[in-house]
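Residue numbers start from 1 in every chain, and the chains themselves are labelled A, B, ... in the order their sequence lines are given, proteins ahead of strands.
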Amino acid sequence: MVHNSLSGKKELFEPLHEGYVGMYVCGPTVYSNVHLGNCRTFMSFDMIFRYLRHLGYKVRYVRNITDAGHLEDDADQGEDKIAKKARLEQIEPMEVVQRYTVDFHNILEKFNFLPPSIEPTATGHIVEQIEIIKVILDKGYAYEKNGSVYFDVVKFNSDHEYGKLSGRKLEDMIANTRELTAQDEKKNPQDFALWKRAEPQHIMRWPSPWGEGFPGWHLECTVMSTKYLGETFDIHGGGMDLKFPHHECEIAQAEASNDVSPVRYWLHANMLTLNGKKMAKSTGNNLLPHEIFTGDNPTLSKAYTASVVRFFMMQAHYTSILDLSDDALLAAEKGYNRLMDALDLLGNLNTGKQSDMDVAAWKQRCYDAMNDDFNSPVLIAQLFEAVKTINLVNDGKASLTQEDLAVLTEVMNAFVFDVLGLETRTGAGVESNKLEGVVGLLIELRNAARANKDYATSDRIRDELAAMGIQLKDGKEGTTFSI
RNA sequence: GGCAUCGUGGCCGAGUGGCUAGGCACAGCUCUGCAAAAGCUUGUACAGCGGUUCGAAUCCGCUCGAUGCCUCCA
């Protein structure tokens, strides 16, 4: 079952071709550092991609990079975002693209994203974009004006339905349009650009039948999705904010050129807010992904690992608004640690003659959760049911048969690592090995002091390490530490 | 102003017509030289007001509030 934005309901998911899934997700416009909310969207689809693969589907996952054509405002009067940034920073447009594409990939790698099957760029598909504009022009759903080509929304709406995805009616939109200045070229304010004439100072430009220019936003997604997935494909994803106008325009372009509705299931990931408010650079209520890893932001009390953030995001359903705050991350970190502690125990549990847990039923509940519109929070609740059992078995208060433990281990690993994409807490690296040695020595000294009842010394070691942020944990099998 | 989504216990966050979500925090217990850590146990909430129903957090209506889009932002 998936939630289809087109119908507003949960529908049974049936791929177009049995065993295969085509999925397209609107990628970033690479003109600045990737937005944390954007990361959440991609993480949701990464989880969906992972789960579909886990179920055995052969998935072709296409996520584009928009490196041209995203105009500054939807009145289509603005300037290409990338060109603008390049001008401001006095560098080549492709230098901007390169810099932020690399940043995007770095951040996603930290979050343990699976790479998509294809990651096409808008600039790599200028020819295809020009071709589709010709088709739309031929069919009469677009018009050229002074070297620019606009999509004729009113014409399209006369024999198609514009606004069906976002629940808007063209008449309402016309009634609510503000007066915009310099709206001379478009027949209607709702029309959007397929091709924009490049002004003389514009540095991103390509030749076309209508003169030198650059493609309009929306078009690259239509072109690249149909090129790699076909005229109709299974899943189209993106952030909720792209529902209108971007996805609406994609539907219009595809229907105008191919006469078929392009997407069977529209999936929209909801927004991420920060401390209850939307993130915006202008208000300072903003948090960059790398600032979470360093803790270098006024809203955070400390740094968090990528897996903790990922766990935090997976604890909310992808269609719900999620509010990020320091308290919420702190809580998520503890829950994540508890999950990982249990996973560590899994390898050396004693098995018994009977099981105090119905592992088969539990496994089914895990799949039921994910089959219900990828309900990762319910899945996590189930995983914690297993954590409880693991801890009880570890304490000798419950038992599992060898077979059940094997199933439990397999299912836990599959969901935690393969589907949710979490990673273990690794302190790998030379520096941390040294640190481990040093702290290990201090632990030895402290335990020696404790054996001698020299508590002044033992407490001094413990408390001073604590002051440095290193916490000692006395367990049954000895003392461990965490930072 | 229009459209959309949503308002759940101290906090985060599932559920969506009758049966304990889960995590964090708090409390109690176990463990411990004392702690911390860890483990176990407990906690009965659904914005407000009406309505439908044998029964509503869950459906309908209204009010209030939030978030998103409509205008750059995922």
Side-chain angles (χ1 to χ4, degrees), chain A residues 5 8 25-29 31-32 34-42 44 70-75 78-79 81 84 163 165-169 172-173 175-178 180 189-190 237-246 248 268-273 276-282 286 311-312 315-317 319-325 327-339 341-342 345 365 369 372 375-385 387-388 390-392 394-395 397-398 450-451 453-455 458-459 462-463 466 471-476 479-482:
Chain A
S5 303
V25 172
C26 293
T29 302
Y31 68 103
S32 66
V34 62
H35 193 284
L36 189 61
N38 212 168
C39 289
R40 185 196 177 200
T41 297
F42 298 139
S44 298
H70 199 157
L71 292 162
E72 269 295 292
D73 61 63
D74 258 24
E79 184 176 7
K81 274 186 179 177
K84 181 183 181 186
L165 178 66
S166 54
R168 283 158 212 259
K169 297 222 175 339
D172 295 346
M173 287 161 58
N176 284 310
T177 305
R178 291 184 313 181
L180 289 166
Q190 284 71 35
M240 196 74 100
D241 53 338
L242 294 178
K243 208 168 172 180
F244 186 89
H246 183 58
E248 210 67 78
H268 284 101
N270 217 137
M271 302 293 107
L272 180 72
T273 56
K277 299 242 163 56
K278 78 161 176 170
M279 284 195 217
K281 282 172 208 161
S282 52
N286 195 39
F311 177 80
F312 165 72
Q315 261 191 312
H317 189 78
T319 57
S320 297
I321 293 171
L322 174 63
D323 185 47
L324 186 140
S325 64
D327 285 346
L329 283 174
L330 234 28
E333 183 174 55
K334 296 205 173 158
Y336 164 79
N337 282 331
R338 193 156 162 250
L339 181 65
D341 284 343
L345 291 173
R365 287 197 299 274
D372 185 11
N375 201 324
S376 57
V378 169
L379 169 68
I380 289 173
Q382 288 304 324
L383 297 181
F384 275 103
E385 293 301 319
V387 166
K388 187 182 279 185
I390 290 166
N391 287 328
L392 284 171
N394 186 239
D395 286 355
K397 291 173 183 162
R450 290 170 73 200
K453 295 198 190 303
D454 179 8
Y455 296 124
S458 68
D459 287 356
R462 177 227 284 162
D463 296 341
Q471 184 189 44
L472 299 184
K473 302 177 182 179
D474 295 332
K476 279 209 178 76
T479 304
T480 56
F481 71 96
S482 66

**Q.** Integer-rounded Å distance: A14(B) P and F312(A) CZ
**A.** 10 Å
Produce the list of close N/O pairs, under 3.5 Å, pairing protein atoms with atoms of nucleotides 27-29 of chain B; give distances to one decimal.
none

Q: Identify whether any heavy atom of D459(A) sits under 4.0 Å from a base atom; if not, whether one sits that close to sugar-phosphate; answer base, sugar-phosphate or nothing.
A: base
Q: Check F312(A) against A328(A) and note the closest heavy-atom contact, atom names and distance.
A: CE1-CB, 3.6 Å
**Q.** Atom-pair distance (CG on L324(A); P on C12(B)), nearest Å
**A.** 12 Å
(Q) Using the ring pair (Phe, Tyr, Trp, His ring centres under 6.0 Å) criterion, which residues pair with F311(A)? Sequence neighbours excluded. (A) none
Q. Going by distance alone, is a donor N or O of one side chain under 3.5 Å from an acceptor N or O of the other, for D323(A) and T273(A)?
A. yes
(Q) Under 4.0 Å, counting only non-hydrogen atoms across every strand here, what does Y455(A) touch: a base, just sugar-phosphate, or nothing? (A) base
Q: Not counting sequence neighbours, which residues clear side chain to side chain donor-acceptor pair (under 3.5 Å) with Q382(A)? List them please.
A: R365(A)
(Q) Listing request: all side chain to side chain donor-acceptor pair (under 3.5 Å) pairs with a residue in residues 327-337 of chain A, at least two apart in sequence or in separate chains. (A) K302(A)-E333(A), N337(A)-R425(A)
Q.
Categorize M271(A) for me: base, sugar-phosphate, or nothing, with a 4.0 angstrom heavy-atom threshold over every strand shown.
A. base
Q.
Rounded to whole Å, how long is the line connecting atom CE of M240(A) with atom P of C3(B)?
A. 17 Å
Q. What's the verdict on side chain to side chain contact (heavy atoms under 4.5 Å, CB included) for N375(A) and H317(A), showing C-alpha distance, side-chain angles and the deciding distance?
A. CA-CA 6 Å; N375(A) 201 324; H317(A) 189 78; 3.8 Å; yes
**Q.** G55(B) versus U16(B) - spacing of their C1' atoms, nearest Å
**A.** 15 Å
Q | Integer angstrom distance from the C1' of G48(B) to that of G39(B) | A | 42 Å
(Q) Show, in sequence, the C-alpha distance, side-chain angles and deciding distance for T41(A) and L242(A), and conclude whether the side chain to side chain contact (heavy atoms under 4.5 Å, CB included) test is met. (A) CA-CA 11 Å; T41(A) 297; L242(A) 294 178; over 6 Å; no
Q | Stem regions touching RNA chain B, defined by at least 3 consecutive Watson-Crick or wobble G-U pairs below 3.5 angstrom | A | B:1-7 with B:64-70, B:10-12 with B:22-24, B:27-30 with B:38-41, B:47-51 with B:59-63
Q | Counterpart residues, side chain to side chain contact (heavy atoms under 4.5 Å, CB included), relative to A369(A) (two or more places apart) | A | V378(A), L379(A)
Q) From L165(A) CG over to E248(A) CD, what is the distance, rounded to the nearest 0.5 angstrom? A) 5.0 Å
Q: Give, for atom CG of L339(A) and atom CD1 of I380(A), the distance between the pair rounded to the nearest 0.5 Å.
A: 8.0 Å
Q) Are L329(A) and L324(A) close enough, and set up right, to give a side chain to side chain contact (heavy atoms under 4.5 Å, CB included), and what steps lead you there? A) CA-CA 7 Å; L329(A) 283 174; L324(A) 186 140; 4.1 Å; yes
Q. A45(B) and C69(B): how far apart are their C1' atoms, nearest whole angstrom?
A. 32 Å
Q. Atom CG in L345(A), atom CD1 in I390(A): separation rounded to 0.5 Å?
A. 7.5 Å
Q | Euclidean distance for C1', U67(B) against C29(B) (whole angstrom) | A | 43 Å
Q | Partner residues of R462(A) under the salt bridge (charged side-chain N to carboxylate O under 4.0 Å, His left out) criterion, sequence neighbours left out | A | D459(A)
Q: Find which nucleotide of RNA chain B each of A332(A) and G239(A) is nearest to by heavy atoms, and output the residue with the more 5' nucleotide.
A: A332(A)
Q. Over how many whole Å does the gap from R40(A) atom CZ to U67(B) atom C1' extend?
A. 12 Å
Q: Report the distance from atom CG of N286(A) to atom NE2 of H35(A), rounding to the nearest 0.5 Å.
A: 5.5 Å
Q: Output the distance between atom CZ (R40(A)) and atom CD1 (I321(A)), rounded to the nearest 0.5 Å.
A: 8.5 Å
**Q.** Between C34(B) (C1') and D463(A) (CG): distance, integer Å
**A.** 11 Å
**Q.** Whole-Å gap separating P (G23(B)) and CG (L329(A))
**A.** 18 Å
Q: Name all residues meeting the side chain to side chain contact (heavy atoms under 4.5 Å, CB included) criterion together with S458(A); count only those two or more places apart in sequence or in a different chain, and write none if there are none.
A: R446(A), A449(A), R450(A), Y455(A)
Q. Please give, in whole Å, the distance from A14(B) P to I321(A) CD1?
A. 11 Å
Q.
Using atom P in both nucleotides, what's the gap between U63(B) and C26(B) to the nearest angstrom?
A. 42 Å
**Q.** Separation between the C1' atoms of G2(B) and A57(B), rounded to whole Å
**A.** 30 Å
Q | Spacing between L165(A) atom CG and C69(B) atom C1', to the nearest angstrom | A | 12 Å
**Q.** Contact state string [nucleotides 6-11 of chain B, B base, S sugar-phosphate only, - no protein heavy atom under 4.0 Å]
**A.** ------
Q: Could you give the distance separating G9(B) and C49(B) at their P atoms, to the nearest angstrom?
A: 15 Å
**Q.** Pairwise P distance for U20(B) and A27(B), with rounding to whole Å
**A.** 27 Å
Q) Considering heavy-atom distances to RNA chain B, does N38(A) or Y336(A) have its closest nucleotide positioned more toward the 5' end? A) Y336(A)
Q | NE2 on H268(A) to OG on S44(A), rounded to 0.5 Å | A | 12.5 Å
Q.
Categorize Q382(A) for me: base, sugar-phosphate, or nothing, with a 4.0 angstrom heavy-atom threshold over every strand shown.
A. nothing
Each nucleotide N or O in nucleotides 35-39 of chain B that has a protein N or O under 3.5 Å away: list the pair and distance.
| from | atom 1 | to | atom 2 | distance (Å) |
| --- | --- | --- | --- | --- |
| A35(B) | N6 | D474(A) | OD2 | 2.4 |
| A35(B) | N1 | D474(A) | OD2 | 3.2 |
| A35(B) | N3 | R462(A) | NE | 3.4 |
| A35(B) | N3 | R462(A) | NH2 | 3.2 |
| A36(B) | O2' | Q471(A) | NE2 | 2.9 |
| A36(B) | N1 | D474(A) | N | 3.2 |
| A36(B) | N1 | D474(A) | O | 3.2 |
| G39(B) | OP1 | R338(A) | NE | 3.4 |
| G39(B) | O2' | D395(A) | OD2 | 2.7 |

Q: List in chain and number order the residues that pass side chain to side chain contact (heavy atoms under 4.5 Å, CB included) with D241(A), two or more places apart in sequence or in another chain; answer none if no residue qualifies.
A: M271(A)
Atom pairs under 3.5 Å, N or O on each side, protein against nucleotides 15-20 of chain B: can you list them with distances?
| from | atom 1 | to | atom 2 | distance (Å) |
| --- | --- | --- | --- | --- |
| G15(B) | OP1 | N375(A) | ND2 | 3.0 |

